[in-house]
Amino acid sequence: MSHTKHPEGTAAPSAEGRAPAYPFREMEQRARALWRDERLFEIDDPMKADRRFYCLNMFPYPSGDLHVGHGRNYILGDVVTRLKTMQGYHVLTPMGWDAFGLPAENAAIANNIHPAIWTRRNIARMKEQLISWGLAYDWRREIASCDPSYYRWTQWIFLQLYEKGLAYRAKSAVNWCPKDQTVLANEQVVDGRCDRCGSEVTTRELEQWFFKITAYAEPLLQDLETLTHWPERVRVMQHNWIGRSEGASIRFALRGAGEPIEVFTTRPDTLYGATFLVLAAEHPRVRELERSGSLPPAATEFVARIRQHRIENRFAVENEKEGYPTGVEALHPLTGAPLPVWVANYVLMEYGTGAIMAVPGHDQRDFEFAKKYGLNIVEVIRPESGQGYDGTAAWEGDGRLVNSGPVDGKTSAEGKRAVIADLEKRKAGEARVQYRLRDWLISRQRYWGAPIPIVRCPSCGIQPVPESELPVLLPDQVEFSPTGESPLLTNQAFLKATCPKCGGPATRETDTMDTFVDSSWYFLRFLNPHLDTAPFLKDAVDRWLPVDQYIGGVEHAILHLLYSRFIVKVLRDMGYLSFSEPFARLFTQGMITKDGHKMSKSKGNVVAPDALIERFGTDTVRLYTLFIGPPAKDAEWNDRGVEGAYRYLTRYWKMIEDFHQAAGSRTAASSAQPDTAWAASGPRRDLRRRTHEIAARLLDDMDRLHLNTAVSGLMQLVNGVQEYQAAGGDLKAPEVEEAVDLATRLLAPLAPHTAEGAWNKLGREGSVFRSGWPKVSEAALKHDLARYVVSVNGKVRSNIEVPAEAGQEVIRERALADGNVRKHTEGKTIQQVIIVPGRLVNVVAR
RNA sequence: GCGAGAGUGGCGGAACUGGCAGACGCGCGGGACUUAGGAUCCCGUGAGGAAACUCGUGGGGGUUCGACUCCCCCCUCUCGCACCA
């Protein structure tokens, strides 16, 4: 935070030397000791607890210091945990560490410190910070993905997928980060750059391990529909990422010899308009032609140039369409017409088959290409009304088929079916669904990750390590400097293995797993985190999962959440668990910005929580963090705002002390007041109504996680008592006790230490978190008089009060009799009087 | 280009299914208490106007007794995907 200068250069008076305006330090210590002794947030036997609630924050990567933006994430989860606890649930609230990953290894290279030590140090530091936020975690369940007792089971999961053919090794063009010297998953490439270091991503042809997530494309897409408590945004992102398109696979025979060329199209209805084919530069057929020397020189030069360009920058976008004829001719599967085959830069090898049929009349890209190279353009779709293809642009919409022989006159939809049927009859194609989703590349040529449990035997080939030999331990001693090959290659003892099949000498796989594998199953581990016979117990996970509330950043909207969904479905299909989705409710909180930017060390705008907590107390920082704005939205941090939260807690505490002084301690719950104790009218009655009105809104806000308005409601509760007191109200009144009681219990999830301290001060037994969740009294909300806003022609002119049970006729008369209303209706005819019960009267006068 | 979200005082933001726009807080102005105030408390605070009142939720239309809220068009910003056939 910023420090303002003082004339004498002394420290801010409230920082040191002066006692805090309310005793937050003692309360923090006392409350934490109480929660620990009472084991308030621990689950002993997961198989026994009833009324279960699994509240989970995404486990963090231990990168070092946390800032207030991270805090928002955990505080939110903590509020849910404490709220649910007060509502009588047994809440599973674990925390762990996503502890493998590149930064640890980079630190090792830069500072000559072992990744394990660096990681352990950061975990200790971050745990300290989490504790300083007063977060209620069951630390007995703490896990770290870099522990052998954990990654043993990550390796086990790999073996399960391997056995089912869902983990495979393949040579393919992969994303390569030249700086980190490792491959990247498609998901880790952002705008053609490495999402960790920002280097331009290049291409390499390498043998890599993949998980066959594409085998689950359809269920992953379908089940998005069931995730009704996920943010729409995240569901849409996953939907687009999976990218399902329906269309047809069509095979074009070649004139002369050679296998047919297969294309994918979403518009089989335009097949009669296909006038040429286009191949990607990397298409195998292009290579064959190149090798046999039959590719024309211009095309050969072009293909080499494009390939080189894409190796240097895999995600380079060639803006200008460019292509050359390959000299090959294909035959239209329905008409037999000859179609030239081109190679061009606008067709991607990664999608579909790497080949397209070009329909320049109805695809703008094909149109531009055809125009440039003088290729044939045929109109085959004409919209029902108006102009379709006009020679200046492709008509990409639907319509009626024309110039399409036997299918002329059909609609696009009918045409699709008819063309596909015709293709099937001729065995030249069929309906097909294509996904954008690629298989998940999980191997990394890096040290700090779970070793892939595989050995290579000269005689038996690739062999999985038997389950009984897990974990394959990560050796301590390796050479870290990046070479493009795994550092594990530098440890001979690790490399040497025995073939599990023939017992002969073999070598170990030296790649490690993507850390997203570690995090794709950790939520299953928390039920029995120390189990050493299995990764988890089916009974326990079936009982507690899906996670009731999952909380984290939207940056994981695709990667982590998609992978976790995939792994759960795989494990379900293998019978290891019985649910289909890991996370029932997802909450993605917004970022906290400073000076309009995301907090980062490089920008120097990081707000550290430690000094603020030291100066104002944990609860002040928690309250301000919640008050800053709607939790789902980004918000700008303002140090002055923290002081506002502090002032509120100070006023709250003063209220507690004033009440305590006036009324003394009572162990009985205030709600146990007999009905006759409540004042029937006057300031006490008003206070009680106001208290319950605010509380009713607050309860609703809390349920919906509208925590910024919940904080404002808490402030209003205190304001209510304060105003009552200022007006000379009696502090010993039961209405005050009730207000104080509600203000404390409703405060508890948000500012737990202060509420716990107040609970104690008021002389109540045990923890406030065992006091139950308040309810609003309907009787307290009742009004004797109903206030109506009276407007004339929609403009507010007056207020009237009528007996609550007054009928419409009475309200109408009273409204029309009002002086100001008469003034505005004078000389006009009353056309209509609209009465909204309990709210307003609108007089329509013309 | 496609998709999603957003636009309200000086600032962060309220206003659940259309019904008193600006809750709550920050900041600011004034006052009290003070050797002092950057502590605390009180009053005020959308704009214009002496007032009555008028105008105000990105812009323009519309529906309605009544629109921040619903419909149509447009502008701006943020995020995601992007030559995906």
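By convention in this document, chain letters (A, B, ...) are assigned in the order of the sequence lines, proteins followed by strands, and residues within each chain are numbered from 1. Worth saying up front: this structure is predicted, and the values here are computed from it rather than measured.
- The listed nucleotides are B:rA85, B:rA82, B:rG25; the one nearest the side chain of A:Thr266 is B:rA85.
- Looking at A:Ser712 and A:Tyr648, their side chains never bring a donor and an acceptor atom within 3.5 Å of each other.
- Nearest to the side-chain atoms of A:Leu348 among the listed nucleotides B:rC84, B:rG19, B:rC20 stands B:rC84.
- For A:Asn240 against B:rC81, a side-chain-to-base donor-acceptor contact under 3.5 Å is absent.
- B:rA21 and B:rU69 are spaced 11 Å apart, taking the C1' atom of each and rounding to whole Å.
- Considering only side-chain atoms of A:Phe264, the nucleotide from B:rC24, B:rG80, B:rA85 that sits closest is B:rA85.
- Nucleotides B:rG56 and B:rG5 have their P atoms positioned 29 Å apart, rounded to a whole Å.
- Closest contact between the side chain of A:Gln722 and the listed nucleotides B:rG25, B:rG3, B:rC42 involves B:rC42.
- Figure legend: cation-pi geometry between A:Lys321 and A:Tyr346, with NZ or CZ positioned under 6.0 Å from the six-membered ring centre and within 45° of its axis.
- Applying the side chain to side chain contact (heavy atoms under 4.5 Å, CB included) test to A:Leu840 and every residue at least two apart in sequence or in another chain returns A:Val789, A:Val836, A:Asn842.
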At a cut-off of 3.5 Å, list every protein nitrogen or oxygen paired with a nitrogen or oxygen from nucleotides 26-33 of chain B, distance to 0.1 Å.
| unit_1 | atom_1 | unit_2 | atom_2 | d |
| --- | --- | --- | --- | --- |
| B:rC26 | OP1 | A:Arg647 | NE | 2.9 |
| B:rC26 | OP1 | A:Arg647 | NH2 | 2.8 |
| B:rC26 | O2' | A:Asn638 | ND2 | 3.4 |
| B:rG27 | OP1 | A:Arg640 | NE | 3.4 |
| B:rG27 | OP1 | A:Arg640 | NH2 | 2.9 |
| B:rG27 | OP2 | A:Arg647 | NH2 | 3.3 |

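- Checked by atom type, the side-chain pair A:Arg565/A:Gln238 shows a donor-acceptor distance below 3.5 Å.
- Counting heavy-atom neighbours within 6.0 Å of A:His239 NE2, excluding the residue itself, gives a total of 12 or less.
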Practice item. Would you mind building the protein contact string for nucleotides 12-17 of chain B? One character per nucleotide, 5' to 3', B for base within reach (heavy atoms under 4.0 Å), S for sugar-phosphate only, - for untouched. Key: BSS-B-
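- Between A:Trp653 and A:Phe24, the gap from one ring centroid to the other reaches at least 6.0 Å.
- Sorted by first and then second residue, the side chain to side chain donor-acceptor pair (under 3.5 Å) pairs with a member in residues 260-271 of chain A read A:Ser249-A:Glu262, A:Arg267-A:Asp269, A:Asp269-A:Ser412; sequence neighbours excluded.
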Practice item. Could you walk me through whether A:Arg251 and A:Glu430 pass salt bridge (Lys or Arg N to Asp or Glu O under 4.0 Å), step by step? Key: CA-CA 9 Å; A:Arg251 287 176 291 280; A:Glu430 56 278 316; 3.2 Å; yes
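- For A:Trp440 and A:Tyr563, the gap between ring centers is short of 6.0 Å.
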Practice item. If a protein heavy atom is under 4.0 Å from the base, mark B; if only from the sugar-phosphate, S; if neither, -; do that for nucleotides 45-57 of chain B going 5' to 3'. Key: -------SSSS--
Point to revise | RNA chain B base-pair string [pairs: Watson-Crick or G-U under 3.5 Å; |: paired with another strand] | key: (((((((..(((......[....)))((((((.......))))))(((....)))..(((((..]....))))))))))))....
